[in-house]
Amino acid sequence: MTTTHSRARRAGLAAFVGTTIEWYDFYVYATAAALVFGPLFFPSEDPLAETAAAFATFAIAFLVRPFGGILFGHIGDKLGRRVSLVITLLLMGVATVLVGCLPTYETIGIMAPILLILLRALQGLAVGGEWGGAVLMSVEHAPEKSKTFYGGFTQLGNPAGALLASGVFAIMSRFGDDFIMNGGWRIPFLLSIVLIGVGLWVRYRVEESPVFEQKIEGRKQSMPLAFALRNNWKPILLGIGLLPISTGGYYLATTFATAYATGEPISISSQVILDAMTIASFIEFVVTLPVAWLGDKWGRKNVMYLGLLTSVLTFAPFMLILPGRVEPLIFLFASLVRIAMSATYAPIAAILAQMFRPQARYTSIALSYGVGAAIWAGFSPWFATQLIAWTGDIWSVIAMFTGMAVLAAICTRLAPQHSDEAPATASFTARTDTTGIRQP
């Protein structure tokens, strides 16, 4: 297979731009759910109940992500990765802009949260197909010895999208909470219409994945979902187990931490926590590609183990220092935990992509990531909020985070890794398994 670094760079850039836009849309909703959606769409006399209801709608997107993975995985495995990615970008952008146009509960009553839930579900459907396709475009274009690095371009879109989302809200917080509550929250959603055009232009300029062109396109195939469930069920389950910290832990350190810090009884200013999250997102953005590069030098699994350990060692003090309201410490640990978790997120693209053979790979990786995100990311903020209500102690959330890290480490150890440089066969079953080989 002929792959060049120049082609890989173009694919990596397109993956970065596209996922930045998709994650911006996703995180704008997450930030709004933590700050304003409770009182605006789920008014209650209990602020904790408002927050829990807002986080429940946040979880809706994760519940439909597996269906997005199946739908767009089928398109990507049958028609090509690029076609699928253009559709997901359009769907996400339209849903996000419409959220910014929604009337609130005060205006139309119960229809407001219903429409919000429906649009959030469309976001989940789109991102369910987006991540897997973007990963495959970047990893499948890359030379064998550089797959973790180029896969990192896809992962770079996550902190970039988070940086844009928290940055926009941080700027608006300068105008006061009343400005945000009285319509200012709509601005980040409406801005998405500009980003859609940029993303489509970039994606249309990238060639189709060489793995799809040389090993899948034109060949007789079974239904991708049927093939994935029949042949890839074990790595799909391992992939789900890989993701607790890379997905759920991330939202505990961002969305849950924002709600926990700004809510009673801590009541840190939303401006302070948004500034801390914005700086943390920028630092994570800076370190993601170097961490991915280390994955090719040290071994992508070794970087993952390091990230899991340091995530626990930084998340615990971050949660414990919040009640003290010491701003320098909040800024420090918000950044440290994101640096640590970048080592669980940067290599995950290459790890997951290479767990599956080319046939039905898009469906398999999207299904694995979608179900994993639904379980870990979709419910982590909500469950953490309930743990605080039940126990009144942040240590219960820290214990949950630690258990998630242990599970991820076990599944990382068991995850197979295949080589795209093995020759294609009519059956698609003869592959080079590099599970026991240190990644060069």
Side-chain angles (χ1 to χ4, degrees), residues 27 30-31 33-35 38 47-48 50-52 54-55 58 159 162 166 169-170 173 243-284 287 291 304-345 376-377 379-409:
Y27 286 135
T31 306
L35 296 176
L48 190 62
E50 290 179 349
T51 301
F55 280 156
F58 174 77
S166 61
F169 272 100
S173 70
L243 295 169
I245 299 300
S246 306
T247 57
Y250 187 90
Y251 288 100
L252 288 176
T254 54
T255 304
F256 168 75
T258 297
Y260 175 64
T262 57
E264 297 290 343
I266 300 176
S267 300
I268 296 173
S269 165
S270 61
Q271 180 178 325
V272 170
I273 199 68
L274 286 170
D275 285 348
M277 292 299 175
T278 301
I279 291 172
S281 295
F282 175 75
I283 292 174
E284 183 186 359
V287 304
V291 169
M304 184 75 171
Y305 297 139
L306 179 63
L308 292 171
L309 176 61
T310 55
S311 292
V312 173
L313 296 178
T314 53
F315 178 78
F318 179 43
M319 292 295 101
L320 295 173
I321 58 97
L322 287 175
R325 304 176 64 180
V326 180
E327 291 185 15
L329 288 178
I330 293 172
F331 277 75
L332 173 64
F333 280 97
S335 295
L336 287 178
V337 72
R338 295 285 282 278
I339 292 171
M341 281 195 292
S342 70
T344 74
Y345 194 68
W376 306 115
F379 289 99
S380 290
W382 174 83
F383 193 68
T385 302
Q386 297 303 316
L387 281 177
I388 294 293
W390 296 333
T391 68
D393 192 346
I394 193 61
W395 277 104
S396 59
V397 178
I398 294 171
M400 179 180 77
F401 188 97
T402 303
M404 291 160 62
V406 171
L407 175 62

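Considering every non-hydrogen atom in both Ser380 and Met404, the closest pair reads OG-CE, 3.9 Å. Ala384 and Leu252 make their closest contact through CB-CD2, 3.6 Å (heavy atoms, listed as atom of the first residue, atom of the second, distance). Taking every heavy atom of both residues into account, Gly307 and Ser311 meet most closely at O-OG, 2.6 Å.
Residue pairs meeting the ring pair (Phe, Tyr, Trp, His ring centres under 6.0 Å) criterion with at least one partner in residues 259-284, sequence neighbours excluded, are Phe256-Tyr260. Among pairs with a residue in residues 314-328, none fulfils side-chain hydrogen bond (donor to acceptor under 3.5 Å, both in side chains), at least two apart in sequence or across chains. Within the structure, ring pair (Phe, Tyr, Trp, His ring centres under 6.0 Å) pairs that include any residue of residues 309-333 comprise Phe315-Phe401 (at least two apart or interchain). For residues 390-401, the side-chain hydrogen bond (donor to acceptor under 3.5 Å, both in side chains) pairs, not counting sequence neighbours, are Thr391-Ser396.
Counting only heavy atoms from C-beta outward, the side chains of Ile398 and Leu320 approach each other to under 4.5 Å. By the 4.5 Å heavy-atom criterion applied to side chains, Thr258 and Phe169 are not counted as neighbours.
Residue Leu308 holds its CG atom at 11.0 Å from CG of Leu313, rounded to the nearest 0.5 Å. Between the CD1 atom of Ile394 and the CD1 atom of Ile388 there is a distance of 3.5 Å, given to the nearest 0.5 Å. For the atom pair Leu407 CG and Thr402 OG1, the distance stands at 13.0 Å (nearest 0.5 Å). Here the straight-line distance linking atom OG of Ser335 with atom CD1 of Ile283 works out to 3.5 Å at 0.5 Å rounding.
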Indicate every side-chain donor-acceptor pair of residues 268-279 with a distance under 3.5 Å to a residue at least two apart or in another chain.
unit_1: Ser269; atom_1: OG; unit_2: Gln271; atom_2: N; d: 3.2
unit_1: Ser270; atom_1: OG; unit_2: Asp177; atom_2: OD1; d: 3.3
unit_1: Asp275; atom_1: OD1; unit_2: Arg174; atom_2: NH1; d: 2.8
unit_1: Asp275; atom_1: OD2; unit_2: Arg174; atom_2: NH1; d: 3.3
unit_1: Asp275; atom_1: OD2; unit_2: Arg174; atom_2: NH2; d: 3.4
unit_1: Thr278; atom_1: OG1; unit_2: Ser166; atom_2: O; d: 3.3
unit_1: Thr278; atom_1: OG1; unit_2: Ser166; atom_2: OG; d: 3.2
unit_1: Thr278; atom_1: OG1; unit_2: Leu274; atom_2: O; d: 2.7

Going by atom type alone, with no hydrogens or angles, which donor-acceptor pairs under 3.5 Å involve a side-chain atom of residues 336-343 and a protein atom two or more places apart or on another chain?
unit_1: Arg338; atom_1: NE; unit_2: Glu284; atom_2: OE1; d: 2.8
unit_1: Arg338; atom_1: NH2; unit_2: Tyr250; atom_2: OH; d: 2.9
unit_1: Arg338; atom_1: NH2; unit_2: Ser281; atom_2: OG; d: 2.7
unit_1: Arg338; atom_1: NH2; unit_2: Glu284; atom_2: OE1; d: 3.2
unit_1: Ser342; atom_1: OG; unit_2: Ile339; atom_2: O; d: 2.5

